[in-house]
Number of protein chains: 2
Amino acid sequence: MEDGTSKEPSYCTGTDDDQARQWDVREDCEVRHILDRVADKWSLLVIALLDRRTMRFSELRRTIDGVSQRMLTVTLRQLERDGLVKRTVYPTVPPRVDYELTSLGISLHEVINSLVIWTEAHQQEISTARSEYDRRATEETQLQPTAR
Amino acid sequence: MEDGTSKEPSYCTGTDDDQARQWDVREDCEVRHILDRVADKWSLLVIALLDRRTMRFSELRRTIDGVSQRMLTVTLRQLERDGLVKRTVYPTVPPRVDYELTSLGISLHEVINSLVIWTEAHQQEISTARSEYDRRATEETQLQPTAR
DNA sequence: CAGTATCCCTTTTGATACTG
DNA sequence: CAGTATCAAAAGGGATACTG
């Protein structure tokens, strides 16, 4: 039991792939689980904010508009569990807890950041596409295809 | 109304930033909305799969393990609306619908892909971190801090 | 301050049935 | 085949109260 695999999902680093770049898509695949975590609304924001500096709980809470105390706690616990964030408790009173990225977290941050940058760069295009889609959808609803 | 901004959230391309790399975190910010879309479980998988080739609806459905017909439809509609995916209907019977990335979708794909690759590369590390976290958590529960 | 615990409402999602 | 519509189940998330 030294490698402690109790109920881990299957690893599918793709050795049995018939297609060149066909990765795992199996639901029980570890990669799917991790992507779900990484592609989480709050996780994304926390990781993006912990760029190079530590932040206190309350600081994160204040900075991330709209996050509840509960969700921030839950998110930080998950990130800590995944080894992406390091949590440091100072046994003072009142308590003080610092959060910072681990080296693993930093490497993920770089990827996340390119996603944020992409989004910032293309937000106008997406917005325009949405407007056009909605306009077209409206038109089609207006003039019923089946002649009156 | 040519630039058709009806109720779009505020654009915060960061001109008023006091800190160097402090991006928008406002809840009503367009970037937040787009990230929520992009960082979606099914969106991520669809975009990752539509790499360079078109796929039919049923093909996507079969390939993505665990997706329901409804969720795949919803996801594809959102992606189409955002201008990331192009939907082509062939008026044959039975109908045939092809999906492919737009140029905008391709540019996002590159970013998404680096995320998938990162995840594949670090899944073992994360898995280990989780095991250790859980082990520590169990230990602390076993031996109650308050004697006896 | 930084949580944890609880209740409860909202949104998301899956299953099922029906249609062009 | 590729959807749409509907309903019920489940998860997500907020508000509040309490604690070391």
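Chain letters run A, B, ... following the sequence lines, proteins first, then strands; residues in each count from 1.
Nucleotide D/dG3 holds its P atom 14 Å from the CE atom of B/Met71, rounded to whole Å. Atom P of nucleotide C/dC8 and atom CZ of A/Arg70 are separated by 15 Å, given to the nearest angstrom. Atom-to-atom, CD of B/Gln69 to C1' of D/dA2 comes out at 7 Å; the value is rounded to the nearest Å. The CG-P distance, from B/Leu72 to C/dG14, rounds to 11 Å in whole Å. Between A/Trp42 atom CH2 and D/dG13 atom P there is a gap of 8 Å when expressed in whole angstrom units. For the pair B/Arg96 CZ and D/dG3 P, the interatomic distance rounds to 12 Å; values are reported in whole Å. One atom, CD1 of A/Ile64, and another, P of D/dG14, lie 12 Å apart when rounded to the nearest Å. To the nearest angstrom, C1' of D/dG12 lies 10 Å from CG of A/Asp40.
Phosphate proximity of C/dG3 to A/Arg87: present, with a side-chain N or O under 4.0 Å from OP1 or OP2. Between D/dG3 and B/Tyr99, a contact under 4.0 Å exists linking OP1 or OP2 to a side-chain N or O. Within the 4.0 Å cut-off from OP1 or OP2 of C/dA2, at least one side-chain nitrogen or oxygen of A/Ser58 is found. Residue A/Arg77 places at least one side-chain N or O closer than 4.0 Å to OP1 or OP2 of C/dG3.
B/Arg81 CZ to A/Ser131 OG: the interatomic distance, rounded to the nearest 0.5 Å, is 8.0 Å. Distance check: A/Ile47 CD1 to A/Asp40 CG gives 9.0 Å after rounding to the nearest 0.5 Å. Here the CD-CG distance, from B/Glu59 to B/Asp98, works out to 8.5 Å after rounding to the nearest 0.5 Å.
At least one donor-acceptor pair closer than 3.5 Å links the side chain of A/Thr102 to the backbone N or O of A/Leu84.
In this structure, D/dG20 forms a base pair with C/dC1, meeting either the Watson-Crick or the G-U wobble geometry with both donor-acceptor distances under 3.5 Å. Across the strands present, C/dT12 finds its partner in D/dA9; the criterion is a Watson-Crick or G-U wobble pair with both atom distances under 3.5 angstrom.
Residue A/Tyr90 is out of contact with every strand shown, counting any heavy-atom pair closer than 4.0 Å. As judged by a 4.0 angstrom heavy-atom cut-off over every strand, B/Arg56 is placed among residues touching the sugar-phosphate backbone only.
For the pair A/Ser68 and A/Pro95, both in contact range of DNA chain D, the more 5′-proximal nearest nucleotide belongs to A/Ser68.
Put simply, the side chain of B/Val46 reaches to within 4.5 Å of the side chain of B/Leu72, judged on heavy atoms.
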